[in-house]
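Here's the structure, in structure tokens; my notes come after.
In each ligand, atom 1 is the first atom listed, and ligand 1 is the first ligand listed.
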Amino acid sequence: MIRLQVRTSSHAELVDITAEVQRVVRESGVQQGICHVFAPHTTAGLTLNENCDPSVAEDILMVLDKLVPWRGGYRHTEGNAAAHVKASLMGNSITMFVQNGTLALGTWQGLFLAEFDGPRQRQVWVKVVSC
Ligand code: ZN
């Protein structure tokens, strides 16, 4: 398992990590298989979505803010309950296929670390399995 380091720079942002994960796949030497990506965090998650038009990521963050406002009478006393909820909505793992030594993604798909309580140093764990 490879541990990628991701430094986020905003309180909430989607960081495109597609190239870093592609590099892990390439260096693994696996030609056909599975790439499993896991975010070991409770206030950050992972999502696959469009990485061509950056306004898509902005829209996702805007909608999540409407759904889960920062102040909402939460019971979690640390003050970041909204970040926990958003991370759960995104999920913590993504599995992708590896074909011909590269991630098999849809035309517009990119993989994002979804930061909801940054900026912070985050990790993304990647395991590439031949099968
Ligand atoms: Zn918390």
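Residues L64 and M90 are in side-chain contact: their nearest non-hydrogen atoms beyond the backbone lie under 4.5 Å apart. Residues R120 and T43 have side chains in contact (heavy-atom distance under 4.5 Å, counting atoms from C-beta outward).
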Test side-chain contact (heavy atoms from CB on, under 4.5 Å) applied to Q109 and E50, step by step: CA-CA 5 Å; Q109 282 185 318; E50 178 169 339; over 6 Å; no

From CA spacing to verdict: side-chain contact (heavy atoms from CB on, under 4.5 Å), L4, I17: CA-CA 9 Å; L4 295 176; I17 58 171; 5.6 Å; no

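With sequence neighbours left out, D16 forms a side-chain contact (heavy atoms from CB on, under 4.5 Å) with T18, N51, F112.
Excluding waters, the set of protein N, O or S atoms lying under 2.8 Å from the Zn ion (ligand 1) comprises H76 NE2, E78 OE1, N80 OD1, H84 NE2.
In this structure, L105 CG and F97 CZ are separated by 11.0 Å, a value rounded to the nearest 0.5 Å.
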